[in-house]
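No hydrogens, no waters, no symmetry mates; every other heavy atom, side chains included, goes into these values.
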There are 2 protein chains.
Amino acid sequence: MEKTRKTTLSDVAALADVSPITVSRALRDPEKVSQDARARITRAIAQLGYVPNPAARALASGRTDVVGVIIPSVSNNVFADVLRGIYDGLQDSPLGVQLGTTRYSPSTEEQLVRVFLSQQPAGLIVAGHDQSPAARALLQGAECPVVQIMEVGPQPIDLVVGLSHYQAARDGAQHLLDMGYKAPAFLGAQMDPRSQRRLAGFRDCLIAAGMGADDPVVTTPEPSSVSLGCRLFADLLATRPRTDAVLCNNDDLALGVLFEAQRRNIRIPDQLGICGFNDHEMMSAAEPPLTSVETDRYEMGRAAIRQIRDRLAGKGHPRGHAVDLGYRLVPRVSTARRD
Amino acid sequence: MEKTRKTTLSDVAALADVSPITVSRALRDPEKVSQDARARITRAIAQLGYVPNPAARALASGRTDVVGVIIPSVSNNVFADVLRGIYDGLQDSPLGVQLGTTRYSPSTEEQLVRVFLSQQPAGLIVAGHDQSPAARALLQGAECPVVQIMEVGPQPIDLVVGLSHYQAARDGAQHLLDMGYKAPAFLGAQMDPRSQRRLAGFRDCLIAAGMGADDPVVTTPEPSSVSLGCRLFADLLATRPRTDAVLCNNDDLALGVLFEAQRRNIRIPDQLGICGFNDHEMMSAAEPPLTSVETDRYEMGRAAIRQIRDRLAGKGHPRGHAVDLGYRLVPRVSTARRD
DNA sequence: TTGACGTATGACAGCGCTGTCATACATGAT
DNA sequence: ATCATGTATGACAGCGCTGTCATACGTCAA
């Protein structure tokens with residue numbers, strides 16, 4: 001490993017005929033440096049191809065330009081959309097992203113929180129409200145802004161951007177009843193805490209409608225997929241053949257249900273109503289188009305970053321501030337039963 | 001910002017009654033420290049809740065425990081799978097991930113390469129072979145292992161894990177001809193360099209079959225989606241009504257074609273053959289199941305990390321080593337034309 | 001003229017860790 | 001007894017930057 005002796009601040013300073021501190025200031029706070037010096041410094045930087053060393057900056061200042069993002073998984077397209085929002089929100093800022101995935105394990109999450117906080121990040125984004133007590137304590141003591149995303153809930157750690165999964169699912173279930181379906185069921189995979197809340201919303205809707213005796217629910221802890229939607233729907237039909245509608249925990253499952261119904265010549269929406277969750281782009285393209293509960297994952301990421309940037313700029317919201325992004329039921333043909 | 005004066009190596013050293021250097025060694029190279037000292041140090045660390053400062057380590061050693069990953073987009077499920085492989089490959093290692101997205105822009109990519117390299121990463125993973133000359137030069141001069149993923153190609157920068165998109169698409173096109181389709185077309189979105197290579201494979205297959213005169217290709221630079229598949233297919237039918245098969249640049253488009261065909265009562269596979277690309281999980285679940293060219297995105301991520309870890313451990317492959325993961329045509333009902 | 005104040009710049013020390021070299025002692029071969 | 005070798009540990013300096021305080025020089029009101 002031959003060291004090429006990277007150019008440093010001092011090299012730039014020497015060439016620009018100022019002290020290193022002035023260069024440092026010119027980089028971070030150009031206002032504070034005279035036009036003249038700034039011009040010479042800029043030229044010297046270009047000439048030497050100087051690139052600052054983030055580790056040195058972090059060590060000296062105790063801060064970094066990295067936002068930690070801790071989510072359960074990258075292959076869930078919900079989080080892919082959130083990440084896209086995060087990256088777009090970070091445009092034209094010096095901030096970068098360090099990403100960690102928990103695989104839905106609270107202990108992994110706790111470890112990631114510990115590691116990320118040790119890097120003294122500019123901010124931290126974590127998914128959900130179900131951190132372990134130790135992780136919560138760590139986050140509570142963090143010196144940087146912390147944003148919990150995906151869900152609004154009681155007892156925020158710091159900032160929150162999300163929606164009520166309970167209400168969203170409850171509205172989805174109500175929609176099925178409103179459209180005249182008599183025996184709706186719930187299909188769920190990957191039953192993480194948010195999925196549990198959605199299930200609770202479904203159940204409470206049925207109870208409120210006087211249909212609480214039965215509990216038409218098929219779930220599995222397996223990760224969600226379209227194939228799994230096919231299988232769960234098959235299981236559902238085997239045990240509850242009179243089911244006439246399904247509220248799916250997410251859109252992948254809903255798509256699987258559609259395919260399985262097509263295979264069995266079950267007519268959508270007359271014999272079976274289908275409602276998904278999140279309103280992924282494909283839902284409107286399907287044949288027939290599938291009803292879903294729209295959530296704005298992209299905006300969730302953007303808003304989270306906005307919270308952090310505002311806070312860093314000193315004009316942010318105080319602790320406990322929550323943004324409820326809401327949701328929107330998007331009725332399509334798949335639940336438009338003709339009576 | 002009240003500073004709580006983090007506990008440092010020296011604090012641990014004092015408590016364990018050794019010098020700071022011994023603590024440092026105990027952390028990085030436990031073999032080199034006596035049983036006895038190690039036990040005392042471990043106890044002291046636990047007692048003080050000591051967490052190392054990565055910035056200080058990076059500054060002193062000139063290295064970090066971060067692997068930079070530069071990909072075009074996170075919302076493309078191809079890259080989501082790759083990322084999953086990367087994270088799984090990083091299990092039980094001290095390495096973390098810093099993720100950057102280029103949005104398919106070479107200049108953004110170049111900037112990310114610059115920024116990431118300035119952090120002196122443990123390794124760098126970049127998608128594709130189409131970096132700008134400046135980015136290539138930077139990567140060539142990098143002191144860390146660099147892995148180009150997705151695609152095998154000429155003139156690797158360092159290490160490569162990928163497959164031939166040209167060949168894969170050519171085989172997909174040949175499959176359509178083999179199944180008796182007479183007028184296959186190509187549908188493409190997001191025409192990045194890899195897509196261009198796939199298109200070239202399609203074209204060369206037709207030329208080899210003596211069908212080169214016509215050029216049945218509909219593409220758009222828009223990002224891919226299921227809805228876009230519907231639209232491109234509609235466009236295709238409008239201009240080339242005699243088309244009897246489509247090779248899609250990816251699975252999203254293929255799904256869109258399926259839905260649009262269903263809407264128009266076009267029978268799959270007899271009136272229309274459909275072949276996707278990547279073989280995303282949903283392809284086998286569709287009705288009818290959709291033929292696709294399988295690529296192992298997950299393994300691509302894992303293998304890339306394996307290359308880096310091996311290299312860091314000193315037992316890696318030399319510069320220029322390429323792993324061709326291949327591909328596999330998975331024929332399903334959507335191309336099983338009955339003659 | 002004097003002092004108060006604002007602006008541009010610099011000196012100094014130190015952030016927490018590791019690379020390098022040195023030291024102390026034990027072991028075994030000669 | 002002598003030396004080479006190996007093992008466990010430590011001293012020292014410094015990685016590249018920034019926080020803090022100090023300095024030099026102007027400007028303006030009294």
(request) State whether the distance check finds a donor on one side and an acceptor on the other, under 3.5 Å, for side chain A:Arg25 versus base C:dG10. (result) yes

(message) Distance check needed: D:dC17 C1' versus A:Asp65 CG, whole Å only.
(response) 13 Å

(message) How many whole angstroms separate atom CG of B:Leu27 from atom C1' of C:dG16?
(response) 13 Å

(request) Answer yes or no: is there an ion pair linking A:Glu299 with A:Arg306, defined by an N-O contact shorter than 4.0 Å? (result) yes

(message) As a test of reading the structure: which of C:dT18, D:dT18, C:dG10 is closest to the side chain of A:Ser19, going by heavy atoms?
(response) C:dG10

(request) Measure the distance from CD on A:Gln120 to P on D:dT18 and round it to the nearest whole Å. (result) 14 Å

(message) From C-beta outward on A:Thr22, which listed nucleotide comes closest to its side chain: C:dG10, C:dC15, C:dC17?
(response) C:dG10

(message) Looking only at the side chains, is there a donor atom on one of A:Thr64 and A:Gln120 sitting less than 3.5 Å from an acceptor on the other?
(response) no

(message) Please identify which of these residues, A:Arg311, A:His317, A:His321, meets the side chain to side chain donor-acceptor pair (under 3.5 Å) condition with A:Asp158.
(response) A:Arg311

(request) Go through C:dT18, D:dC17, C:dG10 for me and flag the one nearest to the A:Ile21 side chain. (result) C:dG10

(message) If the threshold is 4.0 Å, N to carboxylate O, is there a salt bridge linking A:Asp92 and A:Arg309?
(response) yes

(request) Measure the distance from CG on B:Leu9 to P on C:dG19 and round it to the nearest whole Å. (result) 12 Å

(message) The side chain of A:Ser24 is closest to which nucleotide in this list: D:dT18, D:dA8, C:dT18?
(response) D:dT18

(message) Rounding to an integer number of Å, can you tell me how far B:Gln35 CD sits from D:dT7 P?
(response) 15 Å

(request) Check whether the side chains of B:Arg28 and B:Ser24 place a donor and an acceptor atom closer than 3.5 Å, and report yes or no. (result) yes

(message) Of the listed nucleotides (C:dG19, C:dA8, C:dC17), which one gets closest to any side-chain atom of A:Ser34?
(response) C:dA8

(message) Base, sugar-phosphate or nothing for A:Pro52? Non-hydrogen atoms, less than 4.0 Å.
(response) sugar-phosphate

(message) So B:Ala37, base contact, sugar-phosphate only, or nothing? Heavy-atom distance under 4.0 Å.
(response) sugar-phosphate

(request) Examine C:dT18: is either OP1 or OP2 under 4.0 Å from a nitrogen or oxygen in the side chain of B:Arg28? Give yes or no. (result) yes

(request) Starting at atom CZ of A:Arg40, determine the distance to atom C1' of C:dT9, rounded to an integer number of angstrom. (result) 11 Å

(request) Among the candidates C:dT9, C:dG10, D:dG16, find the nucleotide nearest to the side-chain atoms of B:Leu59. (result) D:dG16

